[in-house]
Amino acid sequence: MADKDAVPPPAEEMKVEDAKPETETETKAAEPAPAPAPAPVPAKKLWSDEDFGEVDFTGLKVGEPVDDIVDTPERIKSEAIVEPETIKKVVADDTPYTSALSFEDLNLSPELLQGLYSEMKFEKPSKIQAATLPMIVTPPYKNLIAQAHNGSGKTTCFVLGMLSRVDPQLKAPQALCVCPTRELVIQNEEVVTRMGKYTGITTACTASAETSSHLYPSRREKIVDQIVIGTPGTLKRWMTKDKALDTRNIKILVFDEADQMLDQDGFQDDSIRLWRDIVRSGGKCQVLLFSATFSEKVKNFSLKTIPGANYIFVEKEQLSLDVIRQYQVVCPDARSKINVLKDRIFPAAEKLGQSIIFVRTRGSASELHKRLEADGHKCTSIQGGLTHEERDRVIKEFRAGETKILIATDVLARGFDQAQVTLVVNYDLPVKNTPNRNAYAEPDFETYLHRIGRSGRFGRKGAAFNLLVTEEDKRNMRKIEQHFNKNVPEVAWDNDDGIESVLKAAGLA
């Protein structure tokens, strides 16, 4: 964002519903929802009514059964490189940008280059890095909306952008990265620490503060680190209640997993609020949006909301991960899905590495975990109802290889990167939330793409099995095939050799 005037003009009469969807990382207890205004008092205006013109913020509330909660999809990106065939970039004006053939072309400091080569083990920029890094690190520091494949090196783009823009001598926050989950916060902090090892730049993150909250006073001390990484709710508290995060020196603002951060059913309200407050306090600030997927709604919102941005988008037909072998298994009933897992998928996958089983709800995660363990399968499960410490423990155990099977809700669909994962099972297909539990749920194409992308990391081969039972399952699977223009072959559920044979054909067994 070039300056304060770049914020769009006020809207006339817009309204955000007071209720917000439950998210995994933010506890809203500290900010109770305002009591409903008695009729006939007009609905009050919120901050969003002031700043964003024709943008419609209505419909932020997502109905959700309290007894079987659906977790928010999230993601952590890998530094594994999956090169797209082409990179199409569109610049907002006539500013010339030359793709970087090497990291030296970017005029980076010797300390940053040392981190890239000795710590990150990079040799040269990937295609997405070559195209976007000159846009990020070259004056006049234009805003950027960037989309590219899973594993294409997007994390390096914005981390390197942050590290290159801050002054290590200034002990104040100068770069802010906003993420949907604490797992992603931790992952990005690790990348910043490794890449910036020789720069003297320090980082503050909300995840460590949340985990060790009992060790700290109720109000956080003033932040002097140059880079801050966090989830929206905690960052907001640091800025307002604690007065610990001073944003006057923020030069670069990053939204990782921007499609979720700017989705009405995600963090749109919190994200735009943070952005507005930073612009008002500091003035000039470069905004970067990075994600592997953008729905048309979020894409249009981003283009309208981010002024004067350069952008890169990928056609959805090019996003389907051809390196991941995808299959569908039609089961006669729900009980058969568990039998397929225990009797056919697990035995065939035992020598492959690690597996992630995605379910729709927290209740399903807990129930499937109990049933598999009762049958002698050592596994772990993660879902949004766990404490921060419990989630960290599950991730640590799985990363260490202590368990080979991880059951997860969509809290990890965009939030986990493990090289040893070669198999993903969609025990439940991902669908979009609907206020009416009985209404037909449309498939969530973006989450499907992120889920299957958890396998085959770091250049390894991977496979994904989709377990179907109902007519709705089959209908959604057909829609997924049509959306990505990708045929997903069927494997018979009761064929003892079928699953093993397709894994062998995929070079995985």
Side-chain angles (χ1 to χ4, degrees), residues 1-9 47-48 50-53 55 57 77 89-93 95 97 128 131-148 154-166 173-180 184 188 192 226-232 235-236 239 245 247-263 266-292 294 298-313:
M1 184 174 300
D3 51 43
K4 294 182 180 179
D5 296 333
V7 178
W47 65 267
S48 55
E50 304 174 3
D51 293 314
F52 287 94
V55 178
F57 284 98
K77 295 178 291 301
K89 58 184 179 182
V90 178
V91 296
D93 51 27
T95 303
Y97 296 101
I128 186 68
T132 60
L133 281 170
M135 296 180 175
I136 297 172
V137 304
T138 305
Y141 306 119
K142 304 287 289 185
N143 299 329
L144 175 65
I145 306 170
Q147 175 197 17
K154 296 184 296 298
T155 303
T156 293
C157 294
F158 65 77
V159 168
L160 191 56
M162 291 191 296
L163 287 167
S164 68
R165 294 290 311 280
V166 304
Q174 300 164 58
L176 181 63
C177 179
V178 191
C179 315
L184 184 50
N188 285 340
V192 170
Q226 291 89 3
I227 295 178
V228 181
I229 306 173
T231 49
L235 289 174
K236 176 185 172 184
M239 291 169 61
L245 177 56
T247 60
R248 287 177 296 178
N249 295 296
I250 296 291
K251 303 174 183 176
I252 181 169
L253 171 62
V254 177
F255 289 105
D256 195 7
E257 291 311 320
D259 60 336
Q260 177 152 7
M261 300 307 298
L262 294 180
D263 195 305
F267 295 90
Q268 185 186 86
D269 191 60
D270 288 334
S271 297
I272 304 301
R273 185 197 302 256
L274 282 169
W275 174 22
R276 180 209 64 175
D277 290 345
I278 289 170
V279 170
R280 288 183 174 177
S281 66
K284 294 182 179 181
C285 178
Q286 181 184 29
V287 180
L288 308 180
L289 306 184
F290 275 88
S291 183
F294 279 91
V298 175
K299 181 190 297 186
N300 293 334
F301 177 84
S302 301
L303 291 172
K304 181 164 58 173
T305 309
I306 311 297
N310 301 321
Y311 62 90
I312 292 174
F313 287 122

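In what follows, residues are counted from 1 in the order of the sequence shown.
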- Euclidean distance, Leu245 CG relative to Met239 CE, rounded to 0.5 Å: 6.0 Å
- Quick one: does Leu144's side chain get under 4.5 Å of Phe290's, heavy atoms only? yes
- The side-chain hydrogen bond (donor to acceptor under 3.5 Å, both in side chains) partners of Thr247 (sequence neighbours excluded) come to Ser281
- Residue pair Phe301 / Ile272, side-chain heavy-atom distance below 4.5 Å: yes
- Query: When rounded to the nearest 0.5 angstrom, what is the spacing between CG in Leu289 and CZ in Phe255?
  - Reply: 7.0 Å
- Note on the structure: side-chain contact (heavy atoms from CB on, under 4.5 Å) test vs Ser302 passes for just one of Ile145, Asn143, Val287, namely Ile145
- Among Gln286, Gln226, Gln174, the one residue meeting side chain to side chain donor-acceptor pair (under 3.5 Å) with Arg165: Gln286
- Query: Which pair of heavy atoms, one from Val137 and one from Gly161, lies closest together, and at what distance?
  - Reply: CG1-CA, 4.3 Å
- Item | Spacing of Tyr141 atom OH and Ile136 atom CD1 [to the nearest 0.5 Å] | 12.0 Å
- Query: Is Ile252 close to Leu288 at the side-chain level, that is, under 4.5 Å between some pair of heavy atoms?
  - Reply: yes
- What heavy-atom pair brings Cys285 and Leu253 nearest, and what distance separates the two atoms? SG-CB, 3.7 Å
- Task: State the CG-CG distance between Asn249 and Leu176, to the nearest 0.5 angstrom.
- Result: 12.5 Å
- Item | Validation row: Asp263, Gln268 side chains within 4.5 angstrom (heavy atoms) | no
- Query: Okay, side chain of Gln147, backbone of Ala292: is any donor-acceptor separation there less than 3.5 Å?
  - Reply: yes
- Task: To the nearest 0.5 Å, tell me how far Met261 CE sits from Trp275 CH2.
- Result: 13.0 Å
- Task: Side-chain contact test, heavy atoms from C-beta onward, threshold under 4.5 Å: evaluate it for Glu257 versus Cys179 and give yes or no.
- Result: no
- With rounding to the nearest 0.5 Å, note down the distance linking OH in Tyr311 to NZ in Lys299. 9.0 Å
- Are any of the side-chain nitrogens in Asp277 or Arg273 under 4.0 Å away from the carboxylate oxygens of its partner? no
- Query: Can you find a side-chain donor-acceptor pair between Asn188 and Asp256 that sits under 3.5 Å?
  - Reply: yes
- Can you tell if the side chain of Cys177 reaches within under 4.5 Å of the side chain of Val228, non-hydrogen atoms only? no
- Note on the structure: Of all heavy-atom pairs linking Ala146 and Thr132, the shortest is CB-CG2, 4.4 Å
- Query: Can you name the nearest heavy-atom pair linking Ser291 to Ala258, along with the distance?
  - Reply: CB-N, 3.7 Å
- Indicate yes or no: at least one non-hydrogen side-chain atom of Val254 is less than 4.5 angstrom from one of Val178. no
- Task: Go through the steps to decide whether Phe267 and Leu262 satisfy the test side chain to side chain contact (heavy atoms under 4.5 Å, CB included), and finish with yes or no.
- Result: CA-CA 6 Å; Phe267 295 90; Leu262 294 180; over 6 Å; no
